Protein chains: 2
Amino acid sequence: MDDLDRQILDVLRRDARTPYTEIGDELGVSEGTIRNRVERLQEDGVIERFTISTSTGNVKAMIEVDVAVDVDTHRVGDQIAEWPEVDFVWQVSGELDIVVVVDADDTGRVNELITKTRELDDVTTTKTRLILDETL
Amino acid sequence: MDDLDRQILDVLRRDARTPYTEIGDELGVSEGTIRNRVERLQEDGVIERFTISTSTGNVKAMIEVDVAVDVDTHRVGDQIAEWPEVDFVWQVSGELDIVVVVDADDTGRVNELITKTRELDDVTTTKTRLILDETL
DNA sequence: TATGAAAGACTAACTAA
DNA sequence: TTAGTTAGTCTTTCATA
């Protein structure tokens with residue numbers, strides 16, 4: 001895992017359809033080098049898969065969730081992860097326990113998700129932030 | 001957005017490199033139909049990008065960044081987005097301005113990234129949380 | 001790294017609903 | 001007028017040296 005690998009991953013994260021020839025030109029190596037390295041990165045599990053990121057909705061938000069002290073946060077998190085608009089659920093260190101990233105149709109729907117979260121057993125507080133812009 | 005669109009998205013989410021011909025065969029339509037629909041889904045913003053999912057490092061963290069009041073947060077965010085371990089940079093509403101998600105080799109490296117962030121002009125504070133677990 | 005062969009994607013003209 | 005198809009061409013990837 002050297003710097004060239006990291007640069008290749010960077011390009012593919014931004015656009016996984018970038019031709020190997022183009023990546024090679026950009027990074028000053030041949031098409032074959034890029035191809036061999038991408039294959040190796042896949043075998044090593046560094047590249048988990050080629051995929052698409054979709055945004056079915058128009059509003060992304062981060063909902064931070066606090067859970068009662070004596071409760072398994074995973075149980076709460078796993079429930080939330082089932083909801084269709086939920087992109088990620090992270091168990092985190094720090095003040096609050098769980099961070100949920102959602103992608104909803106509109107702010108009204110975000111609000112419904114917040115309400116739904118607060119209604120879960122063992123959820124004590126939530127704190128929401130809209131994601132105004134995303135850079136990769 | 002009909003059922004065929006949803007099936008196409010499903011296939012691409014699992015493997016974005018599946019040839020159009022193969023998707024077409026599977027879903028009983030021609031290669032051209034798949035291609036036209038994928039193009040339309042991209043134009044409509046339903047498919048945001050073709051990308052890879054990676055697991056490069058062993059430690060993921062969320063670094064929340066506060067920026068001086070009179071500064072364009074995008075300028076700061078764009079700089080950070082260039083660093084290789086950075087997965088996302090979000091401009092968010094709420095107390096702090098920017099959320100950076102990083103995926104680094106170890107906590108030492110996370111610490112270096114925090115230091116590097118704090119050394120940027122116009123960054124006033126940072127607050128870091130380790131991502132202990134992720135559910136998709 | 002370089003090259004030719006194979007695979008896949010794209011263009012554009014056409015058909016059907 | 002829109003969605004789908006098809007044949008021919010171009011681009012990218014792959015295998016081999």
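The structure presented is a predicted model; accordingly, all values stated were derived computationally and were not measured. By convention in this document, chain letters (A, B, ...) are assigned in the order of the sequence lines, proteins followed by strands, and residues within each chain are numbered from 1.
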With Arg13(B), which residues qualify under side-chain contact (heavy atoms from CB on, under 4.5 Å), at least two apart? Thr51(A), Ile52(A), Thr54(A), Leu9(B), Asp10(B)
List for me each residue that meets side-chain contact (heavy atoms from CB on, under 4.5 Å) alongside Thr18(B), sequence neighbours excluded, and say none if there are none. Val11(B), Asp15(B), Glu22(B), Ile23(B)
Is there a side-chain contact between Val38(B) and Gln42(B) in this structure, where contact means two heavy atoms from C-beta onward sitting under 4.5 Å apart? yes
Rounding to the nearest 10°, end axes of the helix from dT1(C)-dA17(D) to dA17(C)-dT1(D) built from five pairs each make an angle of 20°
Please evaluate residues Arg49(A) and Arg14(B) with respect to the criterion side chain to side chain contact (heavy atoms under 4.5 Å, CB included), reporting the C-alpha separation (whole Å), side-chain torsions for both, the decisive distance (0.1 Å), and the verdict. CA-CA 8 Å; Arg49(A) 61 187 199 284; Arg14(B) 265 181 252 122; over 6 Å; no
Under 4.5 Å between side-chain heavy atoms, chaining through other members, with only Ile, Leu, Val, Met, Phe, Trp and Tyr counted: pull out the rest of the cluster around Ile114(B), sorted by chain and number. Val59(B), Ile63(B), Val65(B), Val67(B), Val71(B), Val76(B), Ile80(B), Trp83(B), Val86(B), Val89(B), Ile98(B), Val100(B), Val102(B), Val110(B), Leu113(B), Leu120(B), Val123(B), Leu130(B), Leu132(B)
Hydrophobic cluster mates of Leu96(B), side-chain heavy atoms under 4.5 angstrom, ILVMFWY only, any path? none
Roughly how far, to the nearest 0.5 Å, is the CD atom of Glu85(B) from the CZ atom of Arg6(A)? 6.5 Å
List the residues meeting side-chain hydrogen bond (donor to acceptor under 3.5 Å, both in side chains) with [X], not counting sequence neighbours, and say none if there are none.
| X | result |
| --- | --- |
| Asp87(A) | none |
| Lys127(A) | Glu95(B) |
| Glu112(A) | Arg109(A) |
| Asp2(B) | Arg37(B) |

Residues from residues 41-50 of chain B lying under 4.0 Å of DNA chain D - heavy atoms: none
Can you give one letter per nucleotide of nucleotides 3-17 of chain D, going 5' to 3': B for a protein heavy atom under 4.0 Å from the base, S for sugar-phosphate only, - for none? -SBB-----SSBB--
Connected via hydrophobic side-chain network under 4.5 Å: Phe88(B) and Leu12(A): no
5'-most to 3'-most nt of DNA chain C touching chain B (<4.0 Å, heavy-atom partner on protein side) reads dG8(C) to dT11(C)
